[in-house]
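Here is the structure we will look at.
Lettering follows sequence order; numbering is per chain, from 1. Predicted model only: the values in this text are computed from it and were never measured.
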There are 2 protein chains.
Amino acid sequence: MQKKNPEVNPEKLKAIVDAACYEFAKKGYDLASTNEITKAAGISKGLLFYYFESKQKLYNYLISLALKKLWDFHNKVDKNETDVFRYYEKMAQLQLELFKKSKSLLVFMGTIPKKEMSLLSKPLQDEVYKLLFSIQTLKDITNHPEKINLTLFRSDLDGFEILLIIDYAIKGYEAKLTKCMHSIDITETNFEEVMEDFRKFLQSLRKVFYKKERI
Amino acid sequence: MQKKNPEVNPEKLKAIVDAACYEFAKKGYDLASTNEITKAAGISKGLLFYYFESKQKLYNYLISLALKKLWDFHNKVDKNETDVFRYYEKMAQLQLELFKKSKSLLVFMGTIPKKEMSLLSKPLQDEVYKLLFSIQTLKDITNHPEKINLTLFRSDLDGFEILLIIDYAIKGYEAKLTKCMHSIDITETNFEEVMEDFRKFLQSLRKVFYKKERI
DNA sequence: TTTAAATTGACCAATATGGTCAAAGAGGTG
DNA sequence: CACCTCTTTGACCATATTGGTCAATTTAAA
C-alpha cells in the first residue's frame, strides 16, 4: 500500500553513474548516448529516465557528485606538512584512496575543464574553476615554497631549484603511473604495491637531495 | 583538353588532412563525422569523396602519413650522444620541429594506440606498435643507460638512480608543456622561447647533478 | 567555344538520437 | 487470493545525422 522500496536501487544507481561517467568522459555531452549508458549499466532505457528525468539532469548529478568528492579530497590535505616528501606521500595516499573509491567520477571530472564547461550554470562553472585551481595549487608545492622546510636540503644546492626539480620528477612519475593505471585494471591488492613503489621513489629522491645525515 | 591541374589541390588536401586529424582524434573512427570534416576543411562533401573514396580510405591515408613523419623523426635521433642533457636537448629540438610541421598528425597519432587499432590491417598494426615502441624506447634513456656517460655525474651519487630522476623530471616538464601547448596556440615566434626555457631547465639539472667543475 | 577535370550540395536509405508510455513485474498488506 | 503502489521494461516516436552518390555547375586551359 505504502512505498516500501527506497525510491532507487543503489546498485543500479551506481551502475548508471559509472556507465554515464565513462560515456560522458569518452564522448563529451553531445555525443554521449543514453542508449549506450543504459546498455553499459545493464538497465532499461525507461529506468534511466525514471531516475533522471533528462540527459542534462543526469549530467548535473554527476557534476555535483564529483564536486563533493573533490572537496572532500581537498579538505583532507594536510596543509601544515613542511617535509616535501612526506607532503607528497600523504598526497599520494589521498589520491589513491580517492581513485579506489571513485574512479569513474575522477575520469569524468578530468574531462570537464577541457570542454563542456558551457553546459553548466554560471555559479557551477565558477565552483568548478575554483575547485580545480585550488587542487592544482595544493598539488604543486612550487606555488607555496614558504611552507616547505628548505633547510633539510643539501646546503650546496639552491633550495627552490631543487623544489622545482622534485616537483617535475614527481609529476613525471605520476604521469607514467596514470598511463599505467588506465591500461591495467587495478585490483585491491596492488594498491599497496603502488604506494610502496612510490615510497621507494621518494626515498631515492630523499637520498639525493637531503643532507647526508638525514638518511 | 588534357588534365592540367595536378589531380588534387594541395591546399584543400592539407585542409582536409588537418580537419580529419582533429575530428578522428576527438571522436574516434566511428563517431567522427565526414560532414564535420568537410565543414571544418571548408570544402564540399562531394570533394572529400572525390579525393578519398571512403571514410576508411581517408583514415588509412592519415595513418600512412603519420607513420612516415614518425619514422623520419625516429631516424633523425642521434643515437650516439652520450651526454644525457645534450641527448634530451636534441630530442626536444626534433620534437618541436615535428610539432611545428605536423601538429595535427601528431594529435591524431596520439589517439591511435588507445583505441581504433582494430581498424588497421594486421601488418599495419604491427608497424604502428613497432614504431611507437621504438620511439618510446628512444625517448626513455633509462632503457639504454649504457649509452650514457655516467662519469659526468657527481661521484657521491648513484648514476642510474640519478638517470631515473632526470628522466622523470623531464617527463614531468614535458607533460606540463604539452598541456600548455594544447591550450595556447603556438606561434612561430615563441617556439624558440620554449626551447630556450627548456635549455634553462636542463642547465639547472646539470648544475644539480653534474660534477661541480663541469659547469 | 569546346572539353575535361574540379567542385558543389541536394539527396538517399539507413541508423541513432533523447525521450515517452502502456504494460508487465515485484512484493507488501488485507 | 486480490489489491495496491512502486519499479522496471522495451517497443515506439519524431527528429537528426550518418556515409556515400551523382547530376549539375564552375573553372580554366586549349
Side-chain angles (χ1 to χ4, degrees), chain A residues 1-63 108 115-116 118-120, chain B residues 1-63 108 111 115-116 118-121:
Chain A
M1 208 188 255
Q2 59 277 53
K3 62 173 78 177
K4 48 106 234 270
N5 278 353
E7 272 187 17
V8 298
N9 178 332
E11 280 144 42
K12 291 187 178 177
L13 179 62
K14 177 71 162 53
I16 294 176
V17 167
D18 280 345
C21 279
Y22 291 125
E23 179 73 5
F24 282 125
K26 192 169 152 198
K27 305 185 185 169
Y29 183 82
D30 284 333
L31 290 164
S33 157
T34 52
N35 290 330
E36 292 296 318
I37 292 171
T38 58
K39 202 188 299 170
I43 53 134
S44 70
K45 190 100 176 263
L47 195 62
L48 179 67
F49 287 89
Y50 179 63
Y51 281 15
F52 303 92
E53 63 192 73
S54 73
K55 190 184 181 183
Q56 179 70 58
K57 288 268 170 69
L58 167 61
Y59 189 83
N60 290 346
Y61 177 75
L62 295 183
I63 293 276
F108 170 66
K115 33 183 181 172
E116 323 293 349
S118 57
L119 293 166
L120 277 44
Chain B
M1 207 188 257
Q2 59 277 54
K3 61 173 79 178
K4 49 106 230 270
N5 277 354
E7 271 188 15
V8 299
N9 177 332
E11 281 145 41
K12 292 187 177 176
L13 178 62
K14 177 73 163 55
I16 293 176
V17 167
D18 279 345
C21 279
Y22 292 125
E23 180 74 4
F24 282 125
K26 192 170 153 198
K27 307 185 184 169
Y29 182 82
D30 284 332
L31 290 164
S33 158
T34 52
N35 290 331
E36 293 295 319
I37 293 172
T38 57
K39 203 189 297 172
I43 54 136
S44 71
K45 189 97 176 267
L47 196 63
L48 178 67
F49 288 89
Y50 179 63
Y51 281 14
F52 303 93
E53 64 192 70
S54 72
K55 190 184 179 183
Q56 180 70 57
K57 288 268 171 67
L58 166 60
Y59 190 84
N60 291 346
Y61 177 75
L62 296 182
I63 294 276
F108 170 67
T111 69
K115 31 183 183 175
E116 324 291 350
S118 57
L119 293 166
L120 278 43
S121 68

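- Computed from coordinates, the Leu48(A) CG to dT17(C) P distance equals 13 Å when rounded to whole Å.
- Of the residues near DNA chain C, Gly46(A) and Ala32(A), the one whose nearest nucleotide (by heavy atom distance) lies more toward the 5' end is Ala32(A).
- Here the closest heavy-atom approach between residue Lys55(B) and residue Asp30(B) is recorded as NZ-O, 3.2 Å.
- Rounding to whole angstrom units, CZ of residue Phe49(A) and C1' of dC12(D) are separated by 14 Å.
- Side-chain contact between Tyr51(A) and Ile43(A) is absent, with no heavy atoms from C-beta onward closer than 4.5 Å.
- The distance between atom CG of Asp30(A) and atom P of dA16(D), rounded to the nearest whole Å, is 14 Å.
- The nearest whole Å value for the distance from the CZ atom in Phe24(B) to the P atom in dT18(D) is 12 Å.
- Within the 4.0 angstrom heavy-atom criterion, no nucleotide atom of any strand lies near Phe52(B).
- Here the nucleotide nearest the side chain of Lys55(A), chosen from dT7(D), dG18(C), dT7(C), is dG18(C).
- Of the side-chain N and O atoms in Tyr50(A), one or more sit less than 4.0 angstrom from OP1 or OP2 of dT7(D).
- For the pair Leu47(A) CG and dA22(C) P, the computed distance is 18 Å after rounding to whole Å.
- Residue Lys45(A) has no polar side-chain atom (N or O) positioned under 4.0 Å from OP1 or OP2 of dG10(D).
- Mapping Ser33(B) and Ser44(A) onto DNA chain D via the closest heavy atom, the residue that lands nearer the 5' end is Ser44(A).
- dT9(D) atom C1' lies 12 Å from atom OH of Tyr51(A), rounded to whole Å.
- Between Phe24(A) and Tyr29(A), the ring planes are parallel. Angles under 30° get that label, and only those over 60° would be called perpendicular.
- Lys39(B) and Glu36(B) are joined by a salt bridge, as a carboxylate oxygen and a charged side-chain nitrogen come within less than 4.0 angstrom of each other.
- For the pair Leu31(B) CG and dG19(D) C1', the computed distance is 13 Å after rounding to whole Å.
- At least one side-chain heavy atom of Val17(A) sits under 4.5 Å from a side-chain heavy atom of Leu62(A).
- What separates NZ of Lys39(A) from C1' of dG18(C) is a distance of 15 Å, to the nearest Å.
- Checking the phosphate oxygens (OP1, OP2) of dT18(D), a side-chain nitrogen or oxygen of Asn35(B) falls inside 4.0 Å.
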